[in-house]
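Written below as structure tokens is the structure these notes are about.
Because the structure is a prediction, the values reported are computed rather than measured. Below, chains carry the letters A, B, ... as their sequence lines are ordered, and counting in each starts from 1.
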Amino acid sequence: MTVSYQPQIIEQEVQKYWEENGTFEAQEDFSKEKFFCLAMIPYPSGHLHVGHVRNYTLADVIARYQRMQGKNVMQPIGWDAFGLPAENAALKNKTAPKNWTYSNIEHMRNQLKALGYAYDWSREITTCDPEYYRWEQWLFIQLFKKGLAYKKMSQVNWDPVDQTVLANEQVVDGKGWRSGAPVERREISQWFLKITDYAEELLTSLEDLKDWPDQVKLMQKNWIGKSVGTNIQFSVLDHDPLTIFTTRPETLMGVTYITIATKHPLAIAAAAKNNALADFLKMLDTGATAEAELATQEKCGMNTGLIAIHPITGEHLPIWVANYVLNNYGTGAVMAVPTQDERDGEFAKIYDLPFKEAEPFTDEIGEKITRYRLHDWGISRQRYWGAPIPIIHCETCGPVAVPEEDLPVRLPENVDFSEGIVTLANLPEFYKTICPNCKACAKRETDTFDTFMESSWYYARMACPDQNNSILDDRAKYWTPVDHYVGGIEHAVMHLLYARFIHKVLRDLGFMNSPEPFEKLLTQGMVLKDGAKMSKSKGNTVDPQELLQRYGADSVRVFVIFTAPPEQSLEWSDSGFEGCFRFLKRVWAFSCERVKLFEQADGANDGLNACINKGNLEKANEEQKTIWREMNAILKQAHYDYDRSQLNTVVSGCMKLFNLLVKIPYEGQIENNPLCANALYINHLLIYSGTKGMSLTCPYKLN
RNA sequence: GCCGGGAUGGCGGAAUUGGUAGACGCGCCUGACUCAAAAUCAGGUGAUGGUGACAUUGUGCCGGUUCGAGUCCGGCUCUCGGUACCA
């Protein structure tokens, strides 16, 4: 036992012990309370960054705490391995996305191991593995059979030079990031999942999520955006009538014109006879499809020349096309009330349209209906690096599900990105097939799944990753719901909403007992340096690998836990990090010098525990008793802080305990000073990750 | 634009949720050790005034509620996350 703190040696030794003994491998055990602890799995981008370290350390601290509370803890890990960056890397390095992805996983797995996380590595999942996406394809087919998956036309960003669909991220100032060409909007046929069938349940069951942050529930509620209103019909001269949706029917008498979206049938009909309008609609069709962009555009519109008839007064109202009317909300048409609605007022001013003050309209009109802002989930991607959608298109039979015995529909792996972007539509050997129904020549679907599909059910598969005959088995019912889910606040709406939806679908298929996938949620803040998000382009990155090698995992872990409360953004600080390292050094030196605790803990664990459990303070003097009381107050606070996931103050508590500990007068052997032994033992449980099953920042269990 | 956060010493943050603002750590200052420095250890440290006990002031800005506001309410400013194809 050396007095100088050499974390690399200690950590390697203990990590080896964990691995050889399967310390963190979990089994179903009905005699204990189960605890499924999960951090959002990483995208294998190449290297771990400090944000990952923060995420996984938070979850690990929670997992180890629950383990010490006597629960049957399962903490798995995996790789969210499909996605756009692999294709970009493939273009850049002229390698197949698979190779890049798997070599990144290899490297990052080693980094996670060096950080000493208490993972059950036997449950590791990689979402680009055909054995994983096989069951995702199977699930899609169930949705298809239930009528919950369907195709419809939908807009994408189209790069006219590269002839590819662009992600919103790939559109920079309205231009394609590679070609620089102005982006067009194009309508293509795409697959959707009917998440709107579950909108009401997704909304109401938010109330049952007692251990989710209110902030996240509110964001989801607003995203679902339930509103109660009325459909009102307006006759249109020489055309079919027009239906508008309004949440404010009482403003009906103040309507002075009608605005419709660019894709509205009336706009298209009017444009067919009006070149200027057709040009205007075409002009509005350039630029990205992102909502943030659309909503910040300056309002503009054009009179279609069509006339609507006010249903009460019979007045003639002009129908305008306007860029601020959403195509995919309500009926794509609104009645404009410039005196009541700010946007209508602004638009009316620009185009000199009339304003009209009016008494509230109180008569019954139209039927009360409920609408949601939420729309169906578009899961089609025109990309290579994703799970193929298991559908075969047949001219006579239409879209046919791939028979279950033919799953998985494997993604061809030997693709060549040296000549540019590849999609499955470029690979006849992939898409040429025969119809499973009529055996005629047919074509496979060439779209792949949105990667949110993989991340919507992986937690459940982790309960039974070796199950070859079914998507899930009873082990999923044992382990789910996830008891504590930890991940970035950026996933507050989309990922978590999709996962809640898929969980309910799995429940309805009989695979789950619970209504919700995640019992408790912790949303961590960002990691910043110099007040900005770390990024290579800003040159403000901190590489956890270097820190690991120089200072060991524990200093890194203490730093990310101590420096900020989990939900707030964390500012990197070199000197703050040094402080954490210094603290661990002090603890190590103190224990080596005074009590040689580690030999005792290893060799005579029972004796030490007996000494502690006695809680014998008879020999202690008043000063020692005071210190002992203070220590108990700190421990009580630590438990309180654990329960509310405020882990930074748990570390403060460790430091306070240690500061008290060094103040206790030293009186010879440890056995003569139970106070010292107790306190030191507790402190080791709190901060030291070296001994068997003990961990970083896990408090002593109070009796 | 819309939705949801955040703002407290020189810095990261604490204040158990309306009751002594600044725990813990960093930094800085003083002292011990040292020929000296580093490391380590001990003490101090919001600001202003005072030798001092102490006084005044202080939680982004403006206003309000309350015996009492960092905390609650109204109105802002700046900033971060999301905005349906980044994950």
It should be established whether A:T451 places a side-chain nitrogen or oxygen under 4.0 Å from OP1 or OP2 of nucleotide B:A87. yes

Is any side-chain heavy atom of A:T446 less than 4.5 Å from a side-chain heavy atom of A:T423? no

In B/S/- notation (B base, S sugar-phosphate only, - none; protein heavy atoms under 4.0 Å), nucleotides 12-20 of chain B written 5' to 3' is BSSSB----

Roughly how far apart, to the nearest Å, are B:C61 and B:C78 at atom P? 15 Å

What about A:Y133 and A:F82, are their ring centers closer than 6.0 Å? yes

Aromatic-base stack, A:H495 on B:A87, cutoff 5.5 Å, angle under 30: no

With respect to the phosphate group of B:U83, does any side-chain polar atom (N or O) of A:N168 fall under 4.0 Å of OP1 or OP2? no

Hunt down any stem RNA chain B takes part in, defined as 3 or more consecutive Watson-Crick or G-U pairs whose two distances are each under 3.5 Å. B:1-7 with B:77-83, B:10-12 with B:24-26, B:27-32 with B:40-45, B:46-49 with B:54-57, B:60-64 with B:72-76

Under 4.5 Å between any side-chain heavy atoms of A:T448 and A:W385, yes or no? no

When the P atoms of B:C62 and B:U57 are considered, how many whole Å apart are they? 16 Å

Same-atom distance (C1') from B:A14 to B:U8, integer angstrom: 10 Å

Give a yes/no on whether any side-chain N or O of A:R582 is located under 4.0 angstrom from OP1 or OP2 of B:A39. no

Looking only at the side chains, is there a donor atom on one of A:Q382 and A:Q190 sitting less than 3.5 Å from an acceptor on the other? yes

P-based separation of B:U40 from B:G4 [nearest Å]: 48 Å

B:G9, syn or anti by chi within 90 degrees of zero: syn

For B:C28 versus B:A47, give the span between their C1' atoms, rounded off to a whole number of Å. 16 Å

